[in-house]
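A quick write-up on the structure given underneath.
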Amino acid sequence: MIRTCAQLLSHHSATCLHAAVIKHGFENDPHVQTGLIFMYAELGCLGSCYGVFRHVLRPDLVCQTAMLHACAKHGDVDFARKMFDEMPHRDYIAWNAMVAGYAQCGSSREALELFREMQVEGVMLNEVSMVLLLSACTQLGALDQGRWAHAYVERSKLRITVSLGTALVDMYAKCGDVDKAMEVFWEMKERNVYTWSSAIGGLAMNGLGHESLHLFSIMKKDGLVQPNEVTFISVLRGCSVVGLVEEGRRHFESMRSFYGIEPQLEHYGLMVDLYGRSGLLNEALEFVNTMPMKPHSGAWSALLHACRMHRNKEIGELAMNKIVELDSKNDGAFVLLSNIYADYKNWEGVISLRQKMKAKGVRKLPGCSVIEIDGEAHEFIVGDKSHPRYDEIELKLEEVCRCLRIAGYVANTSSVLFDIEEEEKEVAVSRHSERLAIAFGLISLKEGVPIRVVMNLRICWDCHEVAKMISKIFDREIIVRDRNRFHHFQDGECSCKGYW
DNA sequence: TACGTAGAAC
C-alpha cells in the first residue's frame, strides 16, 4: 500500500503517513519498514531512509535491496556498493538494483563490469537487466556491446517490453545506427510517449530533422499517445538541426495553445538555438530578452554558440557576460568567446580571457574521445601519448597530414585557446582527442568498417573539416557522437551540412 | 506478496 502510494505522495503526506504508521504500532513491522524506505527513496529523502533502516532489527534481502536502491539513486553509490558486497544473499533483483545504481549515476563502466560479474556468477538476466545494460551502453556509445545485448534478448526470447524496446531504440539512435533504431521502433507492438520521444529525438540528433518531424506528424495522426514536454524537446531539436525556423515556431506555439503544455526553460533555450543557428541573431536576442522567466545559462550559451557560428562579437560578448553572471565557472563559454576573439585575431582579448579564467579558477575540460575496437573501449585525451600503440598512431597522423596537405587543406587553428605560434597550433589541433581516436580507428579497423567515436566535448571546427576529408581520401565512413549530436562523415561531406 | 527498468535539458 505504502509503495503504491509512494509515487503520488508529497513530502508532507509522507510524514503524515509515517506518523500514522507509528500511531497504529506498525513501525516495527518489517514489510512496513521496507515500504517506508521505498517511499522516502521516491521522495529523495535519503536521511529518512537511513532513519528507518537504522531501526530495522534484522533487515532481510528485500529491505536491504530497498535501502541499496535508495542510496544508489540519491548519490551514495559507494555506500550502496558496500551494502551490496556485505549482503549474505543476493537475488537477481539486488544485482539489478546495484547495476542500476551505477548506470543512473553515470558510472557506466562500473555498471558493465558488474553486469559481467553477474553473468559469471550465473545470476538470472531478465528484461530489466537488459534495459540497464543497454542504458550503460548508450551512455558509453558502445554499439558492439549494445548489439550483443540485442542479440541476447532475441536468443533468450525475453519479452520486448515497452521499456526494453525504448532502451533498444535509444541505444541504437545514440550509438549512431539510426536505421536499426527505427527498425526496432516499427517492430514494437506497443509504444508509449518515451518510445516516441526517443525515436524523434534520435532522428534529430543524427541530423535527420525532416524525418524526425515526419515521425512526429505520424504520432499525432495516430493519436494513441499524447506528446509531452520531452517530445517537444525532440521536435524542436528536429527543427533546429535543419534550420526550420517557421515550423519550429509553430510547434512551440502549439505546445501551449493546442496541448496545454507550458514551455519550460529548455524549450526556450532550443528556440534561441533555432533562431541563432539560422543566423537570426537579433531575433534570438529579442527572444531571450522577452522570455517570461529569467533566462538560464543554457539560453545564453545557445546564443553565444550562434555568435561563434555567425561571427558576431558584440552579441557574443553580451551573452558571455550574462553567462558569467549566472554561472561564473562555465568553461565552455570562455572557450567559445576566446574562439570568437581568435577568429578576429584579437589576441589581447584572448589573453585577457585567459587571465580571467585563471583568476576564477575555471579550467577547460580536456577533450576525451572513445573508440570501441572488438568490444574494447580505447580512450584518448587531448595530447595523450600513453596508448600502447601511440607510435603507430603518430605515424598514421603524419600520413593523414601529408594526404591532407596534398589535397589542399589549411588548418583552421582558431579553436586553439591561446596565442601560441601558428605552427605549434597546428600541432596542438592535430592532436585533439577526436583526431587520435580516428587515427587509431584507421590503423585497427578493417577496411570498410565505419569508424565510430564518442567524445565529451563538441567536435572542433578543424577536426570536423579534417574528418570530412579523411572520409573521402581514405574512403571511410566516420561517425562521431559529440556532446551535442552526431556527425556522419562520408565521401567528404557531413550529415550536419553546416549546422555544426 | 515485498526489492530492480526506458526519453531531454545548447
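So that the names make sense, note that chain A is the first sequence line, chain B the second, and so on, each numbered from 1.
- When distances are taken from the side chain of A/H305 to each of B/dA6, B/dG4, B/dC10, the shortest belongs to B/dC10.
- When heavy atoms are screened at a 4.0 angstrom cut-off, A/V193 is found touching base atoms of the nucleic acid.
- Ionic pairing of A/K82 and A/E86 is present here: one or more N-O contacts between side-chain nitrogen and carboxylate oxygen are shorter than 4.0 angstrom.
- Residues from residues 112-142 of chain A that place a heavy atom under 4.0 Å from any atom of DNA chain B, listed by number: A/N126, A/V128, A/V131, A/L132.
- Side-chain proximity of A/T231 to B/dA6, B/dG4, B/dG7: nearest is B/dG7.
- One cannot find a donor-acceptor pair under 3.5 Å joining the base of B/dC10 and the side-chain atoms of A/R277.
- Distance from the side chain of A/Q264 is smallest for B/dA8 among the nucleotides B/dA8, B/dC3, B/dA9.
- Below the 3.5 angstrom threshold, one finds no donor paired with an acceptor across the side chain of A/N192 and the base of B/dG7.
- Considering only side-chain atoms of A/R483, the nucleotide from B/dC10, B/dA8, B/dG7 that sits closest is B/dC10.
- At the heavy-atom level, A/Q104 lies under 4.0 Å from the strands shown only through sugar-phosphate atoms.
- No engagement by A/K73 is indicated, since no non-hydrogen atom pair under 4.0 Å with the nucleic acid exists.
- For the side-chain contact (heavy atoms from CB on, under 4.5 Å) with A/L140, the lone residue among A/R109, A/K174, A/Q145, A/E372 that qualifies is A/R109.
- Looking at the side chain of A/D91, the nearest of the listed nucleotides B/dC10, B/dC3, B/dG7 is B/dC3.
- Results of the side-chain contact (heavy atoms from CB on, under 4.5 Å) test with A/M171 over A/D177, A/T138, A/V184, A/V131 single out A/T138 as the only residue that passes.
- Comparing B/dA6, B/dA9, B/dG4 by their closest approach to the side chain of A/Y194 singles out B/dA6.
- With rounding to whole Å, A/N484 atom CG is found 13 Å from B/dA8 atom P.
- Here A/R81 does not pair with A/D78 in a salt bridge; the nearest charged N to carboxylate O distance is not below 4.0 Å.
- A/R308 has a carboxylate O that lies under 4.0 Å from a charged side-chain N of A/D343, or vice versa, which qualifies the two as a salt bridge.
- Residue A/S198 is classed as a sugar-phosphate contact, given heavy-atom separations below 4.0 Å to backbone atoms only.
- Ring geometry, A/W186 versus A/W196: the interplanar angle exceeds 60°, so the pair is classed perpendicular (tilted spans 30 to 60°).
- A/H267 comes within contact range of no nucleotide atom at all, as no heavy-atom separation falls under 4.0 Å.
- The side chain of A/S163 approaches B/dT5 more closely than any other nucleotide in the set B/dG4, B/dT5, B/dA8.
- Relative ring orientation between A/H18 and A/Y40 is described as tilted, the plane-to-plane angle lying within the 30° to 60° band.
- Base contact: A/Y92 has a heavy atom under 4.0 Å from a base atom.
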